[in-house]
Enquirer: 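Dropping the structure in here first, questions after.
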Amino acid sequence: MGTGLAGDSDVGGSPTAAVTRALESMGCTVFYQKPLTSSDANGSGRVVVPKAVAEQYFPHLDNQAGVPIEAADTLGNKYTFRFRFWINNQSRMYLLEGVSEMHQRYDLKVGDVMIFAHLPDSSLIVAGRPMTEEDSMRKPPLRRVNNPQSGVKRDLQKRASKPTPKSSQSKRLQKRRLQGDGVFRAIPDVVPQPESKVFSQHGVWTATIEIVGEMYQAYFDSQEDAIEAFNAAGYA
DNA sequence: AGCCATGCACCG
DNA sequence: CGGTGCATGGCT
């Protein structure tokens, strides 16, 4: 075992698998995972939240004192963090304060991952998991060696971005593309889901596939387009 | 051009 | 002397 491929590198009773299962069974949507830096894990109880994540998924802050943030973990433990920002240069640097208790409970250290997810009712769920072998292959906090566009990714985009089958019965494929361009794109920092699938959300058909531990997603205007590309990508 | 990891000055 | 809050600097 241990081919290095996602799927068999983390099966069974590993803590990561357990956390993933717990989150999934609760209907959680993971929106960010932070690999803890030494600053995050040095006991100060402060975790830096990337600005883009903060401004997309956390409340807007009018002042740097911030607001309390209620969260729970998958075991029902409750936490109250403080979401705030520092003035940095002319911009903001966002932090969560008060994470020590949760970090201790999960024994999180440098390189381990703090998971942020939402329940369907949008309440915040947090979880922690140890660093996986896969994490250590990724970029931060450990400097990534070099990874210029893996062949798998290239092949995937070629196969899935199908501007091709316009020959015979492609009449139905010519319907207007409103929102879906049918191109698979990597979804960074998302917990790889065990199953690839096609589903509809907000009226947009979405094909989600997992390749070597990374999730890719493409949008389509119709279910049949989605399924066709999904199958073309090698997942039936 | 600016993020963000971390250093560090200041304050109690 | 430990925490806060900002400054600095590596990296993209």
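We name chains A, B, ... by the order of the sequence lines, and we start the count at 1 in each one. Predicted model only: the values in this text are computed from it and were never measured.
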Enquirer: Would you say a side-chain N or O of A:S44 is under 4.0 Å from OP1 or OP2 of C:dG3?
Expert: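 No, no such contact exists.
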Enquirer: Is there a donor-acceptor pair closer than 3.5 Å between any side-chain N or O of A:S91 and the backbone N or O of A:N88?
Expert: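 Side chain of A:S91 to backbone of A:N88, a donor-acceptor pair under 3.5 Å: no, none is there.
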Enquirer: For the side chain of A:K51, starting at C-beta, report the closest nucleotide among B:dC3, C:dC6, B:dA5.
Expert: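 Minimum distance to the A:K51 side chain belongs to B:dC3.
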Enquirer: B:dC4 phosphate, OP1 or OP2: any side-chain N/O from A:K34 under 4.0 angstrom?
Expert: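 No, outside the criterion.
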Enquirer: Assess whether a salt bridge exists between A:R84 and A:E97, defined as any Lys/Arg side-chain N lying under 4.0 Å from an Asp/Glu carboxylate O.
Expert: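 A:E97 and A:R84: salt-bridged.
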Enquirer: Side-chain donor-acceptor contacts of residues 106-113 of chain A below 3.5 Å, not counting sequence neighbours, with atom names and distances?
Expert:
residue: A:Y106; atom: OH; partner: A:D73; partner atom: OD2; Å: 3.2
residue: A:D112; atom: OD1; partner: A:M131; partner atom: N; Å: 2.9
residue: A:D112; atom: OD2; partner: A:K109; partner atom: N; Å: 2.8

Enquirer: OP1 or OP2 of B:dT6 less than 4.0 angstrom from a side-chain nitrogen or oxygen of A:S39, does that happen here?
Expert: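 Yes, within the criterion.
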Enquirer: Not counting sequence neighbours, which residues clear ring-ring contact (aromatic ring centres under 6.0 Å, His included) with A:F85? List them please.
Expert: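 With neighbours one apart ignored, the set is A:Y94.
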Enquirer: Checking all strands, does A:S38 fall into the base, sugar-phosphate, or nothing category for heavy-atom contacts under 4.0 angstrom?
Expert: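 Result for A:S38 = sugar-phosphate.
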Enquirer: Any side-chain to backbone donor/acceptor pair from A:K34 onto A:V48? Under 3.5 Å, distance only.
Expert: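 Between the backbone of A:V48 and the side chain of A:K34 there is a qualifying donor-acceptor contact (under 3.5 Å).
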Enquirer: Side chain of A:R46, base of C:dG3: donor and acceptor closer than 3.5 Å?
Expert: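 No, the side chain and the base share no sub-3.5 Å donor-acceptor pair.
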Enquirer: Parallel, tilted or perpendicular: which one describes the rings of A:F31 and A:H118, with boundaries at 30° and 60°?
Expert: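 The rings of A:F31 and A:H118 lie parallel, inter-plane angle below 30°.
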Enquirer: Mind running a 4.0 Å heavy-atom check of residues 83-98 of chain A against DNA chain B and sending the residues that fall below it, in number order?
Expert: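 Heavy-atom cutoff 4.0 Å gives A:W86, A:N88, A:N89, A:S91, A:M93.
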